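Everything numeric here is computed off the predicted structure, so don't read it as measured data. Quick note: residue numbers are just sequence positions, from 1.
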Amino acid sequence: MTQANDLANQPLNVAPALAKKLDKLGLRRRFDLVLHLPLRYEDETHLYPIGAAPYGQPVLVEGRVISHDVQFRPRKQLLVRIEDASGVLVLRFIHFYPSQLKQFADGVLIRAMGEIRRGFHGDEMVHPKTREVVEGSPLAESLTPVYPTVNGVTQPMLRKLIHQELQALPLPETLPEPVIAHLKLQGFADAVRLLHSPPPEYSASQLAEPGLPAWQRLKFDELMAQQLSMRLAYRARRQGQAEPIRGHGRLRSALFASLPFTLTRAQQKVLDEIDVDMAQAHPMHRLLQGDVGSGKTVVAALAALSAIESGFQVALMAPTEILAEQHYRKLSGWLEPLGIRVSWLSGSLRKKQKELAVQRLASGEAQLAIGTHALFQDGVHFARLGLAIVDEQHRFGVGQRLALKQKGQEPHQLMMSATPIPRTLAMSFYADLDVSVIDELPPGRTPIVTKLINSSRREEVIDYVHKTCSEGQQVYWVCPLIEESETLQLQTAVDTHRLLAAQLAQWQVGLVHGRMKPDEKAAVMAAFSSGELQVLVATTVIEVGVDVPNASLMVIEHAERMGLSQLHQLRGRVGRGSARSVCMLLFENPLSDLAKARLKVIYENVDGFEIARQDLLIRGPGEFLGARQSGVPMLRFANLEEDIELLEAARELAPEILQRWPEAVDAHLERWLSGREHYLKA
């Protein structure tokens, strides 16, 4: 196996210029070519008469060139006419080289592969794949693979390189034989050879079928590599040393006594899980997820109090200044009356303020530090950091979280996300973390009514804003851009603020966006929170963290341009009080299929987990992982929704393989991750 791995990991033996192009495809070592599987297949095993070839599907035809000429109107193009006994076909090339004119000399016998459609010049193929042949040339015996490629790397080049490696490289099994037998998996070598060189009896539709045994084998191998790497990362973390945290509970009791609410069952359950984790001598790595408004912040505050009671400092990091400010205001209000010293640190602080904050952290005077990524800059040191809390964790990369963690010896980590993570994603990409879920909302929350409204009905929306303000409630009006974009032509926050201020003259209309200075933003948000402003025009900076119970109407411009997670987060800014709450999604026609799908999901669902599941189906896992992608191997072949049974099998068998066959683990990760199995260090 070691010799096979050594051969597989050798760099490609190609010219430097070609190596550079192949690198763009992720093809660096010899084995990468084995796993570079076809996108689709072309059927060159059957030759259609031109007159009988079907429309709208790739077909192979053969005919002699009867004319070729270059036309210049309506645009420059090369038209080549070929004929056989059954009819005439036009081959049309919009991009072509002068040398192609010689290839299509009159009388030359041509084979062309492409889709036939009716065109201005009659039946035509646009940019077909062509080659000159001799009468009676044999046809391909099996389907022809078509690979993902880049400019300068042709299909014949890829086919040749892949064929060479399939012939030269040993393709031993990396999974234990009992696992292969238990799941009745096809052999690895047979699977890849079938997909690269399908036997004649296979059709293109059969090869595209996800349930094909060859695809099932490769998908399972990929999912198993992911599970093994995640579990190794999890195991490595649990071998780390951390100071156990066991608070005496007096500060917690004081906070409970001051709060106007009690914890829900779900909040208490999650807090118990965190307490058990922090009491261990190895570092906690727990992901706390909950829908918008489920009460994650108070759970984080209670976890922080345990650490402070035990003599440790706590750091809370948020991705944006406006969210960090919200946390600072809320937690200061809760904790400073208890005698807790809270410090604020962000990139926008003046030099003297920053130096003072850094000094308070280094001396241990500040027990809780709240801020942005400024918390993990080089000059920042903690006297005794015991707990690091990261909000909206998917927006931070592995390296950033690691930098904050390294501010302490080995602090416990609590990562929070208001973007619910679908079960399949949690099972795969987050398998290295312990996950807690707050799966119920606090009592008293009013359901939010969602309305889809064409922007042509804008005046009706303005009337509803008037009505809402007249009833003593407040309104958010969200715009996706700060300033005019020539390409998107979207309504801007600045222009909208000016228009609404004129149309709603009897009400106070404020404006907040990401380019304002922090103290300006804070002043506007404070005015809105206190009720001085009735309408707040904002960009998506208010997506997370803003809590104004008196706001009962959310208007979102150009909702068709936003992602589902963002729409759900924005909608969650209302419905926090007892008044009936409404979210109006304004859209512009025409809508793309993707926009229609998103708006349908947000209109029909209020459950964040169901919205997240639908989002995963529409867009794939990338958006949920955010900056985490930089450390996580993305899936190339498996589909989390389609292949749930394979994912569950991989998840179930991974611990057994780690325990019984450690040498197989090394070989499998070497094959699939090529040394990247240690990517997760944070």
Candidate list Leu553, Leu452, Ile556, test side chain to side chain contact (heavy atoms under 4.5 Å, CB included), partner Met584, passing option = Leu553

Tell me, yes or no, whether the heavy-atom count around Gln268 atom CD, taken from other residues, nucleotides or ligands under 6.0 Å, exceeds 12.
-> yes

Member of Leu570, Ile453, Ile602 meeting the side chain to side chain contact (heavy atoms under 4.5 Å, CB included) criterion with Leu585 = Ile602

Taking only residues at least two apart or on different chains, which pairs with a member in residues 339-366 satisfy ring-ring contact (aromatic ring centres under 6.0 Å, His included)?
-> Tyr328-Trp344

With sequence neighbours left out, what residues match Glu604 under salt bridge (Lys or Arg N to Asp or Glu O under 4.0 Å)?
-> Lys600

Of Val475, Asn550, Ile448, the residue whose pairing with Val574 passes side chain to side chain contact (heavy atoms under 4.5 Å, CB included) | Ile448

Among residues two or more places apart or on two chains, list those pairs meeting ring-ring contact (aromatic ring centres under 6.0 Å, His included) that have a residue in residues 234-253.
-> none

Results of side-chain contact (heavy atoms from CB on, under 4.5 Å) for Glu336 - residues two or more places apart only | Ser332, Val342

Which heavy atom in Arg580 sits nearest to a heavy atom in Ser552, and how many Å separate them?
-> O-CB, 3.6 Å

Quick one: list whatever passes salt bridge (Lys or Arg N to Asp or Glu O under 4.0 Å) with Glu471, sequence neighbours left out.
-> Lys467

In chain order, what residues pass the ring pair (Phe, Tyr, Trp, His ring centres under 6.0 Å) check against Trp334, with sequence neighbours excluded?
-> none

From CD1 (Ile462) to CG (Leu499), nearest 0.5 Å = 8.5 Å

Glu309 side chain to Leu251 backbone, donor-acceptor under 3.5 Å = yes

Does Ala527 have any side-chain contact (heavy atoms from CB on, under 4.5 Å) partners at least two apart in sequence or in another chain, and if so, which?
-> Glu532, Leu533

Residues in salt bridge (Lys or Arg N to Asp or Glu O under 4.0 Å) with Arg246, at least two apart?
-> none

Would you please say whether a donor-acceptor pair under 3.5 Å links the side chains of Glu325 and His327?
-> no

Check Ala357 against Ser343 and note the closest heavy-atom contact, atom names and distance.
-> CB-OG, 3.7 Å

Pairs touching residues 282-306 that satisfy salt bridge (Lys or Arg N to Asp or Glu O under 4.0 Å), sequence neighbours left out = Glu273-Arg286, Asp277-Arg286

Just grab all the salt bridge (Lys or Arg N to Asp or Glu O under 4.0 Å) pairs involving residues 340-368, residues at least two apart or on different chains.
-> Arg360-Glu365

The single option from Val512, Val535, Val548 passing side chain to side chain contact (heavy atoms under 4.5 Å, CB included) against Phe528 | Val548

Who pairs with Asp272 by salt bridge (Lys or Arg N to Asp or Glu O under 4.0 Å), at least two apart in sequence or on another chain?
-> none

Test side-chain hydrogen bond (donor to acceptor under 3.5 Å, both in side chains) on Gln566 and His568 and set out the steps.
-> CA-CA 5 Å; Gln566 196 172 45; His568 182 58; over 6 Å; no

Heavy-atom check, side chain of Leu594 versus side chain of Arg598, under 4.5 Å | yes

Ring pair (Phe, Tyr, Trp, His ring centres under 6.0 Å) partners of Phe312, counting only residues at least two apart = none

Does Gln508 reach the main-chain N or O of Gln534 with its side chain, forming a donor-acceptor pair under 3.5 Å?
-> no

Smallest heavy-atom separation, Val582 atom then Lys451 atom, equals CG1-CD, 4.3 Å

In terms of side-chain heavy atoms, does Gln473 have a donor or acceptor partner in Thr468 at a distance below 3.5 Å?
-> no

Count the heavy atoms belonging to other residues, nucleotides or ligands that lie under 6.0 Å from CZ of Phe609, then report whether that count exceeds 12.
-> yes

Kindly determine whether Arg458 and Glu557 satisfy salt bridge (charged side-chain N to carboxylate O under 4.0 Å, His left out), including the steps that lead there.
-> CA-CA 10 Å; Arg458 191 182 181 86; Glu557 296 241 30; 3.0 Å; yes

